[in-house]
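Side-chain atoms are counted along with the backbone in the values below, which use heavy atoms only and exclude waters and symmetry mates.
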Amino acid sequence: MAITETSRSSDELPVTNADSSVNNASTAKKLTLVPLVFLIYFEVAGGPFGEEPAVQAAGPLLAILGFLIFPFIWSVPEALITAELSTAFPGNGGFVIWAHRAFGSFVGSMMGSLKFLSGVINVASFPVLCVTYLDKLFPVLESGWPRNVCIFASTVVLSFLNYTGLAIVGYAAVVLGLVSLSPFLVMSAMAIPKIKPHRWGSLGNKKKDWNLYFNTLFWNLNFWDNVSTLAGEVDKPQTTFPLALLIAVIFTCVAYLIPLFAVTGAVSVDQSRWENGFHAEAAEMIAGKWLKIWIEIGAVLSSIGLFEAQLSSSAYQLEGMAELGFLPKFFGVRSKWFNTPWVGILISALMSLGLSYMDFTDIISSANFLYTLGMFLEFASFIWLRKKLPELKRPYRVPLRIPGLVILCLVPSAFLMLIIVFATKIVYLVSGIMTVGAIGWYFLINYFRRKKIFEFNEDTYDLDHNVNGGEHPKEDDHDS
């Protein structure tokens, strides 16, 4: 959508851009509370599938403590920040708008590139996870061309479902979430008579693999801010977002902890067996093969929900970046039939398909590393926006002044440093190449804009010429 008013102040631009993405989708059915809760759930978790390597890496006790403590030092702060900034800037640009408003177009572009790359890498992991569970039922899928064909086919089919509309994806997420969790509730209930509490205190019998441990926790409990890129598609986002995030945080933590307590307490096996997919084997030990099959079916459904939620975030992020002028306008083109950003869906799906043939551990580690770099920018943007724009209307506001906000961000930042320290060489290589590529992409896009090779919205240009202009009155010394 062309921008005709180029004289607007920097304070008005991002809200207008957010609204433009909403207006562009005015005919689309909006997301309401329950579908949004389950979309957030699938952005972050999708069930206890994938938590098993934490036990393999550090033993039952540290795995349980990790899933008990990590939500308070990571998930809650990230959800609070997402709630405040998504309600202040309710547009599909999400975290890109936040960084753009705080520091200008270069940081906004870097934020968008890092988060998008981490997102599509993360999307790539779900067809792999899906096939990993299926190969326990169909051994032919363990390797070779049958496995590759299955990954390709599942990516294509699920991408088409995403194309049919976010409202459909949202209600599908509700069904997928309830159905995929049901076998874990049955397994946990049947495990109660077999639980021996002393097993929860075991530290394991092998050397700690801290890289696997921290990456497993991080991968299973991050991406809370991804839903911000869907803010323009949410009904009454100022009130719906905070409540949806609160419910999703509680729901997600409980969904991880109940099966973890049940299985570690009821089943005694060698620690090395706790790899992805072990919950299905534990279900067979606890109740029989029928429950194992049920959990494997649930894992496939969960992977579908995870894929759909995170592909949606990546696609709508590209649309939001096009609205803001970070990408050519054609990135924001919507389908005439379903009013979905089909270009964003296509690009995200193709990139994730190419990445899905990497090793699974390298996939999640690379996604975590890039996401970590983006989160440093997000924390800085959050604090700086409080200082820079104290008068900005914030329908939800984290009830802390700036010193408290700094502490709120420093605690998870310390954990982010652990992700960086424990990364492997291949992760450094992949993430380094992509980070350099993100920097180059910013200058390439500016070249395209100067040479008028593609058509752009000019909001990025306008905002950068006003981003430091004007004084912002303080809000009764609220954050001083």
Can you list the steps and then say if R273 with E52 is a side chain to side chain contact (heavy atoms under 4.5 Å, CB included)?
CA-CA 9 Å; R273 292 182 63 182; E52 302 101 325; over 6 Å; no
Restricting to non-hydrogen atoms, name the atom on T87 and the atom on P242 that form the minimum distance, rounded to 0.1 Å.
CG2-CD, 3.8 Å
Residues, nucleotides or ligands: over 12 heavy atoms within 6.0 Å of Y428 OH
yes
Between the side chains of Y396 and T239, does any donor sit under 3.5 Å from an acceptor?
no
Plane angle bin for F49 and F184 - parallel if under 30°, tilted between 30 and 60°, otherwise perpendicular:
perpendicular
Decide yes or no on side chain to side chain contact (heavy atoms under 4.5 Å, CB included) for L377 and W98, but give the supporting numbers first.
CA-CA 10 Å; L377 296 180; W98 314 339; over 6 Å; no
Once rounded to the nearest 0.5 Å, what's the spacing between atom CD of Q310 and atom CD1 of I121?
12.0 Å
Contact between F218 and L418 at the side-chain level, heavy atoms closer than 4.5 Å - yes or no?
no
Could you check S272 against Q56 for side chain to side chain donor-acceptor pair (under 3.5 Å), going step by step and ending with a plain yes or no?
CA-CA 6 Å; S272 62; Q56 183 187 65; 6.0 Å; no
Would you confirm whether Y213, through its side chain, and G59, through its main-chain N or O, come within 3.5 Å as a donor-acceptor pair?
no
For the pair N457 (side chain) and E323 (backbone), establish whether a donor and an acceptor sit closer than 3.5 Å, ignoring hydrogens and angles.
yes
Ignoring hydrogens and angles, tell me if any N or O in the side chain of S352 forms a donor-acceptor pair with the backbone of A349 under 3.5 Å.
yes
Looking only at heavy atoms, the pair that brings F382 and C409 closest together is CD2-SG, 4.0 Å
Heavy-atom closest contact (V174 atom, P35 atom, distance)
CG2-CA, 3.9 Å
Close side-chain approach of L221 and P71, heavy atoms under 4.5 Å
yes
Considering all heavy atoms of both residues, which atom of I40 and which atom of A248 are nearest to each other, and what is their separation?
CG2-CB, 3.5 Å
Between Q271 (side chain only) and N205 (backbone N and O only), is there a donor and an acceptor less than 3.5 Å apart?
yes
Is it the case that S109 and W441 place a side-chain donor and acceptor less than 3.5 Å from each other?
no
Between S202 and R199, is there a donor-acceptor pair closer than 3.5 Å when you use the side chain of the first and the backbone of the second?
no
Any side-chain heavy atom of L311 sitting closer than 4.5 Å to one from F126?
no
Shortest non-hydrogen pair, L385 vs R394, comes out as O-NH2, 3.1 Å
For N226 and S313, indicate whether the former's side chain and the latter's backbone hold a donor-acceptor pair under 3.5 Å.
no
When rounded to the nearest 0.5 Å, the distance separating CD1 of I383 from NZ of K387 is 12.0 Å
Is W384 atom CH2 crowded by more than 12 heavy atoms from other residues, nucleotides or ligands, each under 6.0 Å away?
no
Determine, stepwise, if the pair F261 / W200 fulfils ring-ring contact (aromatic ring centres under 6.0 Å, His included).
CA-CA 7 Å; F261 272 107; W200 295 329; 5.2 Å; yes
Quick check: does any side chain N or O of S302 sit under 3.5 Å from a backbone N or O of G298, one acting as donor and the other as acceptor?
no
Using modelled atom types and a 3.5 Å cut-off, is there a donor and acceptor pairing between side-chain atoms of S182 and backbone atoms of V179?
yes
Expected output: side-chain K208 to main-chain L203 donor-acceptor under 3.5 Å:
yes
Before you tell me yes or no, could you show the steps for N220 and E51 under side chain to side chain donor-acceptor pair (under 3.5 Å), namely the whole-Å CA-CA distance, both residues' side-chain angles and the distance that decides it to 0.1 Å?
CA-CA 7 Å; N220 279 283; E51 70 177 349; over 6 Å; no
What closest approach, in Å, do V263 and M187 show between heavy atoms, and which atom pair accounts for it?
CG2-CE, 3.5 Å
Kindly say whether the aromatic ring centers of Y171 and F38 come within a distance under 6.0 Å.
no
May I ask you to decide if G177's main-chain N or O and S180's side chain share a donor-acceptor pair within less than 3.5 Å?
yes
4.5 Å side-chain heavy-atom contact, N222 and V44
no
Any side-chain heavy atom of F116 within less than 4.5 Å of one from L370?
no
From CD (E281) to CD (E296), nearest 0.5 Å
8.5 Å
Note, N122 side chain near W219 side chain (heavy atom, < 4.5 Å)
yes
Is there a side-chain contact between V398 and I81 in this structure, where contact means two heavy atoms from C-beta onward sitting under 4.5 Å apart?
no
How long is the span from the OG atom in S314 to the CG atom in L117, to the nearest 0.5 Å?
9.5 Å
Report the C-alpha separation of M375 and K115 in whole Å, then their side-chain angles, then the decisive distance to 0.1 Å, and conclude whether the side chain to side chain contact (heavy atoms under 4.5 Å, CB included) test is met.
CA-CA 9 Å; M375 284 309 302; K115 289 296 188 78; 3.7 Å; yes
Once rounded to the nearest 0.5 Å, what's the spacing between atom CD1 of I73 and atom CG of L410?
13.0 Å
Side-chain donor-acceptor pair under 3.5 Å between N162 and S312, yes or no?
yes
Looking at R397 and E84, does any basic side-chain N land under 4.0 Å from a carboxylate oxygen?
no
Could you state the interatomic distance from CG (L185) to CG (L178), rounded to the nearest 0.5 Å?
9.5 Å
F251 vs L181, side chain to side chain contact (heavy atoms under 4.5 Å, CB included): CA-CA, chis, key distance, verdict
CA-CA 11 Å; F251 184 51; L181 278 176; 3.4 Å; yes
Mark yes when over 12 heavy atoms from residues, nucleotides or ligands other than K206 sit less than 6.0 Å from its NZ; otherwise mark no.
yes
Is a donor from one side chain sitting under 3.5 angstrom from an acceptor on the other, for D225 and Y371?
yes
Could you tell me if the side chain of T424 sits less than 4.5 Å from the side chain of V427, heavy atoms only?
yes
Which class fits the ring pair F415 and W74: parallel under 30°, tilted 30 to 60°, perpendicular over 60°?
tilted
